[in-house]
Protein chains: 2
Amino acid sequence: MSSEERKKTRVTLLDVARHANVSRATASLVLRKSPLVGSETRTRVEEAMRDLGYVYNIGAARLRVERSQIIGAIVPNLTNPFFAELLSGIEEIIGATGKVVILAKSGDRVEQQEMLLRRMREHGVDGVILCPAAHTESTLFEQITAWDMPVVQVLRHISFDMDYVGADYATGMRQAVDYLASLGHERIAFAVHGPVHSAYQERVDGFRDAMLSRGLDPSMLIRFPTQLGEIAQATHLLFDRATRPTAVICFNHLVALGLSAGLQDCGLTIGRDLSLIGFDDVADAEAIRPRLTSVSTGPVAIGEMAARLLVERIADPALPPRRLVNDTTLHIRQSCGRPN
Amino acid sequence: MSSEERKKTRVTLLDVARHANVSRATASLVLRKSPLVGSETRTRVEEAMRDLGYVYNIGAARLRVERSQIIGAIVPNLTNPFFAELLSGIEEIIGATGKVVILAKSGDRVEQQEMLLRRMREHGVDGVILCPAAHTESTLFEQITAWDMPVVQVLRHISFDMDYVGADYATGMRQAVDYLASLGHERIAFAVHGPVHSAYQERVDGFRDAMLSRGLDPSMLIRFPTQLGEIAQATHLLFDRATRPTAVICFNHLVALGLSAGLQDCGLTIGRDLSLIGFDDVADAEAIRPRLTSVSTGPVAIGEMAARLLVERIADPALPPRRLVNDTTLHIRQSCGRPN
DNA sequence: CTGAAAGCGCTTACAG
DNA sequence: CTGAAAGCGCTTACAG
């Protein structure tokens with residue numbers, strides 16, 4: 001069958017209507033489950049659709065109705081399991097509403113992100129869930145407003161005049177610091193990595209505030225490499241300072257994984273020689289040894305919340321902007337002990 | 001601005017044409033970078049597009065040309081980092097060709113997969129990359145053919161009359177078995193889990209063949225729970241048999257992670273008391289201790305290959321079906337030693 | 001409940 | 001190089 005013939009082969013709503021002996025309008029009503037159609041007629045049309053192998057053409061419909069049933073999701077990357085879980089939550093909710101999600105990664109590059117937003121607009125997405133690339137200018141907010149495109153920010157924010165769903169990083173940090181302090185730790189380091197963005201800043205501020213409110217020195221901020229593979233070898237950075245920490249809070253799952261490995265490589269026993277607290281607590285956290293005490297931010301739930309928010313935003317663009325912050329919980333396992 | 005006014009606001013190609021004092025046809029030619037347009041005219045039109053904030057409407061264009069620039073990707077789940085890496089490869093290549101990918105997960109449920117395929121057809125996807133849900137009937141192949149939809153199977157296959165990209169599981173298994181045998185192991189177990197599908201079968205067959213060709217007993221197939229969280233507690237299954245293995249090959253990354261943790265919980269030293277080999281070797285593999293010797297299947301590369309194949313398939317539907325199998329490599333680290 | 005008609009935003013011959 | 005026109009597959013009043 002040549003592509004010429006194939007084209008003619010396409011079954012259209014008009015074909016269905018003729019086959020069922022009704023008008024195109026009626027067939028269209030059946031399609032959209034209108035109550036205006038009699039049940040006998042309805043059945044006849046539905047049979048015709050089945051017989052002919054009719055497939056609804058959403059693209060054509062979209063040209064009339066302003067709804068593409070497509071939403072976009074832009075994340076910095078896909079290989080970090082944290083984002084994979086986030087996406088899983090997004091897909092779950094969006095899929096359940098009958099919509100479809102276009103996925104793209106920005107690589108934390110602003111120009112790439114700009115290109116992706118344009119491409120998504122060209123595809124007429126009904127809205128997008130955006131985890132803004134690091135260093136995104138806040139002017140992006142004005143652009144988005146001018147485009148009149150529903151957007152919810154996830155995990156990171158550039159403007160609170162736009163919907164935002166994230167985690168309560170400040171509380172998470174306080175939970176971690178309080179727990180370590182209760183064990184008797186005073187020299188607590190915060191092991192960070194990656195580019196600076198709102199979530200980065202919130203964690204750092206949260207750490208600082210939590211330390212200060214306990215009268216502890218909040219200045220032990222130690223930077224690790226961005227790539228997971230390089231973190232373990234950089235473990236010595238923890239001990240290069242005049243004062244040596246007795247406990248370390250990790251910026252995220254990757255840092256926790258890397259340091260957990262690196263400390264073992266140094267011959268240290270985690271929980272005895274040094275206490276370690278993870279952050280994000282993705283599924284793998286359960287599976288490393290010693291079991292990692294970790295602050296859970298709930299990426300799947302955040303993805304679900306963001307998707308629901310976007311759906312509501314699309315339904316009612318006049319809604320005031322909302323800010324949803326998921327609670328964090330400290331999962332106490334085995335990686336912390338008293339200082340020695 | 002009400003939604004009424006907004007609709008009128010939409011800038012169309014006709015607006016651009018008028019603004020630039022050309023016909024709609026000419027504006028369209030500029031859009032598609034046709035050489036038929038003089039450079040002076042081209043510039044004028046491009047300026048008009050910028051001035052007016054014109055956004056190309058791919059959906060409208062699609063109604064005429066049979067190309068949506070959308071491709072679909074269906075995977076069993078997103079939280080398994082293996083699939084996340086696969087997707088990353090797919091998105092990379094598809095994005096680079098200017099197309100966009102619709103993402104969905106089947107949850108390894110055949111009906112869900114069917115629904116997703118229909119939804120994607122309604123969106124007029126140019127093709128889909130499908131990791132078939134476990135227990136997919138091979139009749140799906142006939143359906144897909146009847147729909148005349150370009151599909152490449154990835155990781156799992158239901159028919160070789162359709163493009164397929166996967167890993168060379170048989171060789172991977174042989175590499176693992178040969179390595180263990182060279183260390184002196186004879187009682188080697190294969191720790192499997194999850195539903196049965198072609199990739200499962202190929203690994204099991206590969207294990208069996210590799211064992212047999214070395215004159216070893218291939219019957220130690222041990223089933224573990226599907227959920228990562230439950231694997232560690234099930235570690236005892238390794239020792240419930242009359243003959244106790246001295247080495248274990250893991251079905252995939254999840255099993256490796258779970259058993260690595262579980263063996264440590266049992267107080268065993270991996271590499272001394274028992275040798276362990278992982279499979280898939282996703283990014284995390286580098287970060288567990290003891291370092292896991294593992295067969296790498298290269299999910300990112302597989303995703304890239306699948307995307308390229310689909311692009312070629314779309315360009316030329318008459319191409320004979322192809323079967324691409326990515327080489328595996330054994331990464332020797334620290335989790336294996338001599339039997340004792 | 002149904003039919004005829006207009007229109008969504010583009011592309012594509014066809015004439016000039 | 002340009003203009004006028006038809007058509008892609010749908011939805012939506014409007015009249016009956």
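First the proteins, then the strands, lettered A, B, ... as listed; each starts at 1.
With rounding to whole Å, A:D15 atom CG is found 13 Å from D:dC10 atom C1'. The CG-P distance, from A:L13 to D:dG9, rounds to 11 Å in whole Å. Atom CG of A:L52 is separated from atom C1' of D:dG9 by 15 Å (rounded to the nearest Å). Going from atom CG of A:L63 over to atom C1' of D:dG7 covers 12 Å, rounded to whole Å. At whole-Å resolution of the value, CG in A:N21 and C1' in C:dT2 are 12 Å apart. For the pair B:N57 CG and C:dG7 P, the interatomic distance rounds to 18 Å; values are reported in whole Å. For the pair B:L14 CG and D:dT2 P, the interatomic distance rounds to 15 Å; values are reported in whole Å. Rounded to an integer number of Å, the gap from B:Y56 OH to C:dT11 C1' is 8 Å.
Residue B:S39 is the one, among B:S39 and B:A60, whose nearest nucleotide of DNA chain D lies closer to the 5' end (criterion: closest heavy atom). Across the interface with DNA chain D, nearest-nucleotide mapping of B:R62 and B:T41 shows B:T41 to be the residue nearer the 5′ end.
B:R156 contributes a side-chain N or O that, together with a main-chain N or O of B:P132, makes up a donor-acceptor pair within less than 3.5 Å.
Under 4.0 Å is where a charged nitrogen must lie from a carboxylate oxygen, and between A:E114 and A:R118 no such pair does.
The distance from the CD1 atom of B:I71 to the CD1 atom of B:I102 is 9.0 Å, given to the nearest 0.5 Å. For the atom pair CZ of B:R18 and OG of B:S23, the computed distance is 12.0 Å after rounding to the nearest 0.5 Å.
The residue A:S23 sits close to a base: some heavy atom pair falls under 4.0 Å.
Sorted by first then second residue, the side-chain hydrogen bond (donor to acceptor under 3.5 Å, both in side chains) pairs that include residues 317-326 of chain B, not counting sequence neighbours, are B:E312-B:R322.
Within 6.0 Å of CD in B:Q143 there are more than 12 heavy atoms belonging to other residues, nucleotides or ligands.
With D:dC10, C:dG3, C:dG9 as the candidates, the nucleotide lying closest to the side chain of A:Y54 is D:dC10.
For the residue pair A:S28 / A:R24, no side-chain donor-acceptor distance below 3.5 Å is found, with atom types taken as modelled.
The shortest distance between side-chain heavy atoms of B:R10 and B:N57 falls below 4.5 Å.
Distances shown here put a side-chain N or O of A:T26 below 4.0 Å from the OP1 or OP2 atom of C:dT2.
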With side chain to side chain contact (heavy atoms under 4.5 Å, CB included) as the criterion, how do B:D108 and B:N77 come out once you've worked through the C-alpha distance, each side chain's angles and the decisive distance to 0.1 Å?
CA-CA 8 Å; B:D108 257 328; B:N77 75 72; 5.9 Å; no

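Stem regions for DNA chain D, each three or more consecutive Watson-Crick or G-U pairs with both distances under 3.5 Å and listed by first number, read C:1-3 with D:14-16, C:5-12 with D:5-12, C:14-16 with D:1-3.
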Collect all protein-nucleotide pairs involving nucleotides 12-16 of chain C in which both atoms are nitrogen or oxygen and the distance is under 3.5 Å.
from, atom 1, to, atom 2, distance (Å)
C:dT12, OP2, B:R32, NH1, 2.9

